[in-house]
Amino acid sequence: MSTNQTGGCDHVHTHLKAGPIDNHTCHCSVCKGVTGQDTTHVVFFRHADVEVDNPSLLKRQPFNANNPDGPLELCTCGTCGAPIMLDDKQHRIRVIVPNLMGYDPASMPATYHAFYDPTTGVPKPSDGRPVYEALRPDFVWPQPS
C-alpha cells in the first residue's frame, strides 16, 4: 500500500502516513446498519497514522446507535455529509471503509472475514480467506497515541 493515499471529500481530506494494522470484511450488524451493505470492507490504522485536514469541519456521531457511549464515532463532513472515517475516542485506531471514504479498495485488500455469525443463516464465506466470529485471533489493540 502506498502511504501517500488521500481520501475524504472536497472539504475534508484524510492522509495515510503508514499502512494498516488490520483489514477485513466485516459481517457485523452495526456495519450493515451504518453502511447499508451486506458486508463491509474495513481497514484499521493506528490513530496517529491517519491525518485529517480541516478537522473542525467533522460532524461526529456514535458509530453504534445501540452503544452511543462506545469508543467509535462516525465522522462525516459537516458541509456535504460524506463519510470521512471512524475515530476512536480512546485514540487507538482510526478506521477507513475504502469504498465509502474515497480510497481504492484494491490498494488495501481485506485479508479475512470478521464477525461472521452462522446463526444468521448467511452462508459461510468460501473465498479462501479465514473466517472468524470476531477480529482475527492475533489482533492486538494498539496503545492510545
Side-chain angles (χ1 to χ4, degrees), residues 1-52 58-145:
M1 185 203 87
S2 169
T3 57
N4 64 353
Q5 285 193 324
T6 301
C9 65
D10 289 342
H11 312 102
V12 181
H13 303 97
T14 55
H15 309 276
L16 305 179
K17 294 173 31 179
I21 59 170
D22 185 83
N23 44 39
H24 60 270
T25 299
C26 190
H27 295 257
C28 83
S29 61
V30 176
C31 283
K32 288 177 184 181
V34 172
T35 67
Q37 302 175 130
D38 289 337
T39 61
T40 305
H41 178 184
V42 177
V43 186
F44 289 6
F45 295 86
R46 291 185 190 283
H47 194 272
D49 289 341
V50 178
E51 292 182 332
V52 181
L58 291 177
K59 179 180 175 190
R60 296 170 178 270
Q61 53 269 332
F63 172 62
N64 183 345
N66 294 326
N67 184 16
D69 295 324
L72 294 180
E73 295 178 307
L74 174 60
C75 298
T76 56
C77 175
T79 302
C80 70
I84 304 299
M85 68 179 174
L86 296 179
D87 200 9
D88 178 10
K89 292 185 277 189
Q90 297 176 17
H91 294 264
R92 298 168 299 174
I93 62 169
R94 283 186 163 159
V95 181
I96 299 294
V97 175
N99 71 316
L100 299 178
M101 298 176 177
Y103 288 88
D104 174 18
S107 71
M108 50 184 90
T111 58
Y112 69 100
H113 293 269
F115 301 105
Y116 171 72
D117 180 357
T119 66
T120 63
V122 174
K124 184 175 180 178
S126 59
D127 59 7
R129 293 180 287 154
V131 179
Y132 302 111
E133 292 182 16
L135 293 173
R136 60 186 161 84
D138 63 336
F139 180 78
V140 176
W141 288 91
Q143 292 297 310
S145 60

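A side-chain donor-acceptor contact under 3.5 Å links Thr25 and Arg129. In summary, the side chains of Thr39 and His27 do not present any donor paired with an acceptor at a separation below 3.5 Å, with no hydrogens or angles considered.
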Test Val95 against Met101 for side chain to side chain contact (heavy atoms under 4.5 Å, CB included), laying out the working first. CA-CA 10 Å; Val95 181; Met101 298 176 177; over 6 Å; no

message: Evaluate Gln37 against Leu100 for side chain to side chain contact (heavy atoms under 4.5 Å, CB included), listing each step before the verdict.
response: CA-CA 11 Å; Gln37 302 175 130; Leu100 299 178; 4.1 Å; yes

Checklist entry - Can you check side chain to side chain contact (heavy atoms under 4.5 Å, CB included) on Asn64 and Leu72, steps first, answer last? => result CA-CA 8 Å; Asn64 183 345; Leu72 294 180; over 6 Å; no

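Minimum heavy-atom separation, Ala48 to Lys17: O-NZ, 3.4 Å. Taking all atoms of both residues into account, the shortest heavy-atom contact from Phe63 to Cys31 is CZ-SG, 3.9 Å. Contact detail for Asp49 and Ala18: the closest heavy-atom pair is OD2-CB, 3.4 Å. Between Lys89 and Pro68, the closest heavy-atom pair is NZ-O, 4.2 Å. What you find for Gly8 and Ile84 is that their closest heavy atoms are CA-CD1, 3.9 Å. The minimum heavy-atom distance between Tyr116 and Pro123, with the atom names listed, is OH-C, 3.5 Å.
Relative orientation of the Tyr112 and His24 rings is tilted, given thresholds of 30° and 60° on the angle between their planes. The aromatic rings of His15 and His13 are tilted relative to each other, their planes meeting at an angle between 30° and 60°.
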Enumerate, atom names and distances included, each donor-acceptor pair closer than 3.5 Å involving a side-chain atom of residues 130-137, sequence neighbours excluded.
| residue | atom | partner | partner atom | Å |
| --- | --- | --- | --- | --- |
| Arg136 | NE | Asp22 | OD1 | 2.8 |
| Arg136 | NH1 | Asp138 | OD1 | 2.9 |
| Arg136 | NH1 | Asp138 | OD2 | 3.4 |
| Arg136 | NH2 | Ile21 | O | 2.6 |

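How far NZ of Lys59 is from SG of Cys75: 11.5 Å, rounded to the nearest 0.5 Å. Atoms CG and OG, on Asp117 and Ser29 in that order, are 9.0 Å from each other to the nearest 0.5 Å. Rounded to the nearest 0.5 angstrom, Met85 CE and Arg60 CZ are separated by 5.5 Å. Between the CG atom of Asn23 and the CD1 atom of Ile96 there is a distance of 12.5 Å, given to the nearest 0.5 Å. The line from CZ of Arg46 to OG of Ser145 is 10.0 Å long, rounded to the nearest 0.5 Å.
In this structure His41 satisfies the ring-ring contact (aromatic ring centres under 6.0 Å, His included) test with no other residue, sequence neighbours excluded. Partners of Arg92 according to the salt bridge (charged side-chain N to carboxylate O under 4.0 Å, His left out) rule, which considers only residues two or more places apart in sequence or in another chain, are Asp88.
Ile93 places a side-chain heavy atom less than 4.5 Å from the side chain of Pro142.
Here Asp87 pairs with Arg94 in a salt bridge; the nearest charged N to carboxylate O distance falls below 4.0 Å.
The environment of Asp38 atom CG is sparse: at most 12 non-hydrogen atoms of other residues, nucleotides or ligands sit within 6.0 angstrom.
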